[in-house]
Amino acid sequence: MNTNTDFIGEIVAEDFRTAAIFKKYGIDFCCKGGRTIEEACESKGLDVEPIYDAIKNLPKNDAFIIDFNSWPLDLLADYVEKTHHRYVEEKTPVLQQFLDKLCKVHGGSHPELFEIKQLFDGCAQDLASHMKKEELMLFPFIKNMVKAKISNEAIPQPPFGSVENPVNMMKHEHTIEGERLRKIADLTNEYTPPADACNTYKVTFAMLQDFENDLHKHIHLENNILFPKAIQLEKEFSVEH
C-alpha cells in the first residue's frame with residue numbers, strides 16, 4: 001500500500017488492522033473511505049505523521065489477518081450476509097428491549113436515553129429493509145455475475161440497469177446509518193455509562209459499542225471491497241460481450 005496516495009478504504013481493504021488506527025483518531029474508514037489520510041486529517045485538524053508511523057509499525061506477516069480483499073465476490077457476499085446481517089438481526093431486538101427498559105427506569109434522570117432509543121429504533125427499521133434489498137436483489141446478481149464469469153457466459157440484464165444503481169443506493173443508506181450511530185456515540189459520551197448506571201445500563205452501552213464496531217466492518221467490506229469489485233466485474237462483461 002501507499003499510505004500517502006491510497007484512499008483510506010483501500011488501505012483498510014489491504015490490511016484491516018489499520019481500521020483500529022483510523023478509529024483511534026476518529027477517522028471514518030467505511031462511509032468516508034474515499035479520501036486520502038492527508039485529506040481526512042486536514043478536515044479534522046490532525047497531524048498525519050503519527051498515523052503514518054502507526055501503520056508503518058504494524059507487525060509484518062500477521063497470520064491472523066483475514067485477507068478479504070482476495071476473496072471471490074460470491075464468498076464475500078455470503079460472509080457479509082451470514083456474519084454481519086445475522087449479527088444485526090440477533091442483536092437488534094435485544095438492544096431495543098434493553099433501551100426500552102432504560103428509558104422507563106432511568107429516563108427521568110437521563111433524558112438523552114429517549115433520543116438514543118429513537119435513533120436506534122430508526123436504525124433497526126431501516127437496516128432490516130436495507131439488508132433485505134441486498135439479500136434479494138444485489139447479492140444474487142453479484143453471485144450470478146461470478147457464475148457467468150466462471151462459465152464464460154453473458155449475464156442477464158437486471159431490472160435495476162447497471163449494478164452501480166443499487167450500489168449507490170446502498171452506499172447512501174450506509175451513510176445515513178453511520179451518522180445515526182455517530183449521534184448515539186456522542187449522546188452516550190462514547191458509550192461511557194454514567195456514575196449511577198446499573199448493570200443493564202452498562203451492558204446496553206457495551207452492546208451499542210459492539211453494534212457500531214460491527215456495522216463499521218460490515219460497511220467497510222461492502223463499500224471498499226465488494227461494491228467496487230462488483231462494478232469492475234460488470235464492466236468486464238460489457239467489454240467482453
Side-chain angles (χ1 to χ4, degrees), residues 1-37 40 51-92 127 130-131 134-135 138-147 149-150 163 166-167 170-171 173-175 177-178 181 185 191 206-234 236:
M1 71 176 76
N2 187 327
T3 51
N4 292 69
T5 58
D6 287 356
F7 288 149
I8 291 167
E10 294 170 337
I11 293 168
V12 178
E14 190 166 332
D15 188 342
F16 190 71
R17 295 175 302 169
T18 59
I21 297 170
F22 293 123
K23 193 167 182 66
K24 175 185 174 182
Y25 289 94
I27 293 173
D28 184 344
F29 63 87
C30 48
C31 294
K32 296 181 181 177
R35 302 176 293 169
T36 63
I37 295 174
I51 299 174
Y52 287 153
D53 289 343
I55 294 172
K56 188 173 71 175
N57 292 324
L58 284 169
K60 300 289 185 275
N61 301 320
D62 190 332
F64 296 100
I65 301 174
I66 300 175
D67 185 14
F68 293 107
N69 212 17
S70 69
W71 284 19
L73 294 192
D74 51 349
L75 177 62
L76 186 56
D78 275 338
Y79 177 85
V80 167
E81 184 176 336
K82 300 290 193 297
T83 304
H84 296 291
H85 286 199
R86 282 187 183 176
Y87 176 92
V88 171
E89 289 164 0
E90 289 171 6
K91 301 300 180 185
T92 293
L127 271 179
H130 172 90
M131 292 188 304
E134 289 183 337
E135 292 169 15
L138 181 54
F139 288 2
F141 178 67
I142 291 173
K143 292 174 188 177
N144 284 337
M145 280 201 295
V146 173
K147 285 180 187 173
K149 181 75 174 177
I150 292 169
V163 74
V167 159
M170 296 301 102
K171 287 174 74 173
E173 292 176 3
H174 286 166
T175 300
E177 298 317 317
L181 268 293
Y191 309 104
M207 284 185 67
L208 280 170
Q209 187 169 26
D210 286 343
F211 192 92
E212 183 192 53
N213 288 338
D214 187 84
L215 192 65
H216 283 171
K217 185 173 183 181
H218 176 173
I219 292 173
H220 156 68
L221 290 175
E222 293 185 348
N223 279 19
N224 298 328
I225 304 178
L226 184 65
F227 292 167
K229 288 192 173 186
I231 290 169
Q232 181 58 38
L233 182 56
E234 185 184 53
E236 289 174 20

Considering residues at least two apart in sequence or located in another chain, which fulfil the side-chain hydrogen bond (donor to acceptor under 3.5 Å, both in side chains) criterion with Asp210?
none

So, using side-chain hydrogen bond (donor to acceptor under 3.5 Å, both in side chains) as the criterion, who are the partners of Asp67 when residues are at least two apart?
Ser70

Tell me every residue that passes ring pair (Phe, Tyr, Trp, His ring centres under 6.0 Å) with Tyr191, counting only those two or more places apart in sequence or in another chain.
none

How would you list, by chain and number, every residue that makes a side-chain contact (heavy atoms from CB on, under 4.5 Å) with Asp15, sequence neighbours excluded?
Met1, Arg17, Thr18, Leu58, Ile65

Neighbour count above 12 (heavy atom, 6.0 Å) for Lys32 NZ
no

Please enumerate all residues that pass salt bridge (Lys or Arg N to Asp or Glu O under 4.0 Å) together with Glu135, with sequence neighbours excluded.
Lys132

List in chain and number order the residues that pass side-chain contact (heavy atoms from CB on, under 4.5 Å) with Lys56, two or more places apart in sequence or in another chain; answer none if no residue qualifies.
Asp53

For Glu134, side-chain hydrogen bond (donor to acceptor under 3.5 Å, both in side chains) partners two or more places apart:
His85, His130

Listed by chain and number, what are the salt bridge (Lys or Arg N to Asp or Glu O under 4.0 Å) partners of Glu177, not counting sequence neighbours?
Arg180

Applying salt bridge (Lys or Arg N to Asp or Glu O under 4.0 Å), name anything that partners Glu212, two or more places apart in sequence or on another chain.
Lys23

Counterpart residues, side-chain contact (heavy atoms from CB on, under 4.5 Å), relative to Pro72 (two or more places apart):
Asp74, Leu75

Determine, stepwise, if the pair His220 / Phe68 fulfils ring pair (Phe, Tyr, Trp, His ring centres under 6.0 Å).
CA-CA 11 Å; His220 156 68; Phe68 293 107; 7.9 Å; no

Applying side-chain contact (heavy atoms from CB on, under 4.5 Å) to Thr36 and not counting sequence neighbours gives Phe7, Glu38, Glu39

Residues at least two apart in sequence or cross-chain that pass salt bridge (Lys or Arg N to Asp or Glu O under 4.0 Å) with Lys147, listed by chain then number, are none

